[in-house]
Amino acid sequence: MSIHLENIAKHYGRGGRHQALAPLDLDIQQGELIGLLGPSGSGKTTLLRIIAGLEAPDHKPAGRILFGERDVTQLHVRDRRIGFVFQHYALFRHMTVYDNVAFGLTVMPRRQRPSSGEIRARVHRLLEMVQLEKLAGRYPAQLSGGQQQRVSLARSLALRPDVLLLDEPFGALDAKVRQELRRWLRHLHDELNFTSVFVTHDQEEALELSDRVVVMSDGRIEQIDTPEALYRAPANRFVFKFLGDANHLEGEVRDGVLTCGDARLDVDLPDGPEDLLLRPHEVALDTAPRESAHLPVTVTAISPVGAEVRVELAADWLPGPWLATVRHADFERLTLSRGQRLFALPRRWHRFEDSAPAAHDSAALLAG
Ligand code: ADP
Ligand code: MG
């Protein structure tokens, strides 16, 4: 089921003084898995609840919500054919896993209700999909958090919703279980071919799981794109910083040289103040400066865990620490240690004006 939102806004509080959502438009394709990503308070839950019909959008401007061709703006949540999964497992504690999953089907009006044989078949199929058939007779208290969320998923899918809405569904679980459940969700989504909207404040989760990500801040949509396009071409400074670690290089450009304390970098930019941003993997380290880059730093921490080594750097001219990720080979070549004095070499940096983002490959390494 495709979803079309048009001019949807939401204000709370006396006289509607607090804006939770600025008027926004959003189109979601049939079968898409969309991630709503943003910091706490950015309006993700509000938007999800409006799609669900749990919350009404403002009357002015008069927005519209379409599911396929159907205008559902005034339609009750019960009639929208939606499945929900929330962070806190709202399983019925006095019912077995099987009964939890079957519940929605067994309470349907008799005329719509599938036969008891069909209900049994459907529940078993779902339990099989989330690999919980063996635990069908258990009670929620006898399951781990991850298993409980799998029951929630199965239960929300029992009514064959057109749209599945998930609000930080894995937020309360530990990292490894979250990873596993992401794969579950992606798998179920692809196999059953519904449309999903998934709320998270975790960039990694959104980028890994979604077909497209909607980045939100302050009740606004900052960017809608595929994970790859978001990371490669962030629309603005907010998106760049929210998607990963960012180092700042703030200073004054004069005659093609950016200066910041005793640090300097050749840049092909007009005179004036600049605040350049660099990802940790865009910072190389060496024992000597270059003609085009003189950025002295001291190593303050080293974490050689994972595919790359994370190196924390400090310097007088830096407002805060910098993070560089280097290959293990470079880590060994430089015999990195805490307290070591080195020189940072930007491979690439980014700069954002109000509307025109730009990435620059640095001359520092080429001209070395
Ligand atoms: P998120 O899910 O991104 O953390 P929310 O949609 O929950 O953000 O909230 C967006 C803004 O709306 C926040 O400033 C929040 O305080 C406010 N808000 C959300 N729900 C209510 C409510 N029922 N009454 C008043 N303000 C609310
Ligand atoms: Mg929320």
Side-chain angles (χ1 to χ4, degrees), residues 3-28 32-61 63-65 72-73 76-77 80 82-90 145 148-149 152-153 156 163-175 177-178 181-182 185 195-210 212-225 227 230 234-244:
I3 302 173
H4 171 79
L5 304 182
E6 197 178 302
N7 229 0
I8 294 298
K10 183 71 184 177
H11 287 74
Y12 287 112
R14 208 148 28 96
R17 235 174 298 156
H18 180 78
Q19 177 182 276
L21 287 180
L24 57 81
D25 301 331
L26 178 61
D27 273 297
I28 298 171
E32 256 193 318
L33 199 167
I34 289 282
L36 297 184
L37 173 68
S40 173
S42 55
K44 306 179 298 292
T45 294
T46 302
L47 183 55
L48 201 75
R49 289 175 60 85
I50 288 174
I51 295 173
L54 292 167
E55 200 79 67
D58 290 350
H59 295 300
K60 275 190 215 165
R64 290 206 307 159
I65 304 173
V72 299
T73 319
H76 192 272
V77 51
R80 291 195 187 187
I82 280 176
F84 294 102
V85 185
F86 299 110
Q87 177 168 344
H88 295 286
Y89 346 103
Q148 291 186 40
Q149 269 320 47
S152 291
L153 258 176
S156 65
V163 174
L164 182 66
L165 303 177
L166 307 104
D167 194 350
E168 314 238 8
F170 313 141
L173 304 168
D174 67 56
V177 176
R178 291 174 73 120
L181 284 177
R182 276 181 221 166
L185 176 61
T195 302
S196 304
V197 185
F198 180 97
V199 165
T200 181
H201 63 269
D202 179 333
Q203 317 84 312
E204 199 185 302
E205 188 159 275
L207 295 177
E208 184 181 318
L209 195 57
S210 316
R212 286 190 303 154
V213 178
V214 178
V215 183
M216 299 184 64
S217 91
D218 223 3
R220 266 173 251 281
I221 294 178
E222 297 284 349
Q223 188 170 0
I224 307 173
D225 244 318
L230 263 191
N236 55 44
R237 185 171 276 272
F238 174 84
V239 175
F240 184 93
K241 293 184 71 167
F242 196 68
L243 288 186

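Atoms within each ligand, like the ligands themselves, are counted from 1 in listed order.
Within the 4.0 Å heavy-atom shell around ligand 1 one finds Ser40. Residue contacts with ligand 1 do not include Gly219, since none of its heavy atoms lies under 4.0 Å from the ligand.
Proximity of His18 to ligand 1, defined as any heavy-atom pair under 4.0 Å, is confined to the side chain (atoms from C-beta onward).
If you check which protein heavy atom lies closest to atom 23 (N) of ligand 1, you get Tyr12 CE2, 3.6 Å. Of all protein heavy atoms, the one closest to atom 4 (O) of ligand 1 is Gly41 N, 2.7 Å. Nearest protein heavy-atom neighbour of atom 7 (O) of ligand 1: Thr45 CB, 3.7 Å.
A distance-only check finds a donor-acceptor pair linking the side chain of Lys44 to the backbone of Pro39 [under 3.5 Å]. With hydrogens and angles disregarded, no donor-acceptor distance shorter than 3.5 Å links the side chain of Arg64 to the backbone of His4. No donor-acceptor distance shorter than 3.5 angstrom exists from the side chain of Arg182 to the backbone of Glu208, with no hydrogens or angles considered. Side chain of Asp218 to main chain of Arg220: no donor-acceptor pair is present (N/O by atom type, distance under 3.5 Å, no hydrogens or angles). In this structure a side-chain-to-backbone donor-acceptor pair under 3.5 Å is present from Gln149 to Phe86. Judged by distance alone, with hydrogens and angles left aside, the side-chain atoms of Gln203 form a donor-acceptor pair with the main-chain N or O of Phe242 at under 3.5 Å.
At a cut-off of 2.8 Å, Thr46 is not counted among the residues with an N, O or S atom near the Mg ion (ligand 2).
The distance from ligand 1 to the heavy atoms of Pro39 drops below 4.0 Å at these ligand atoms: 3 (O). Per-residue contacts place Ser42 under 4.0 angstrom from the following atoms of ligand 1 (heavy atoms of the residue considered): 1 (P), 3 (O), 8 (O). Contact atoms of ligand 1 toward Ala20: 11 (C), 12 (O) (distance under 4.0 Å to a heavy atom of the residue).
Within the set Lys44, Gln19, His11, the minimum heavy-atom distance to atom 3 (O) of ligand 1 is found for Lys44. Taking only non-hydrogen atoms, the option from Val199, Thr200, Thr46 nearest to atom 5 (P) of ligand 1 is Thr46. Across the listed options Gly13, Gly43, Ser217, Gly43 owns the non-hydrogen atom lying nearest to atom 8 (O) of ligand 1.
With contacts defined as side-chain heavy-atom distances shorter than 4.5 Å, the pair Phe238/Val215 qualifies.
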Next on the checklist: Apply side chain to side chain contact (heavy atoms under 4.5 Å, CB included) to residues Leu166 and Leu153 and explain how you reach the verdict.
Outcome noted: CA-CA 9 Å; Leu166 307 104; Leu153 258 176; 4.2 Å; yes
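Between Thr73 and the options Leu5, Ile50, Ile8, Ile65, a side-chain contact (heavy atoms from CB on, under 4.5 Å) holds for only Ile65.
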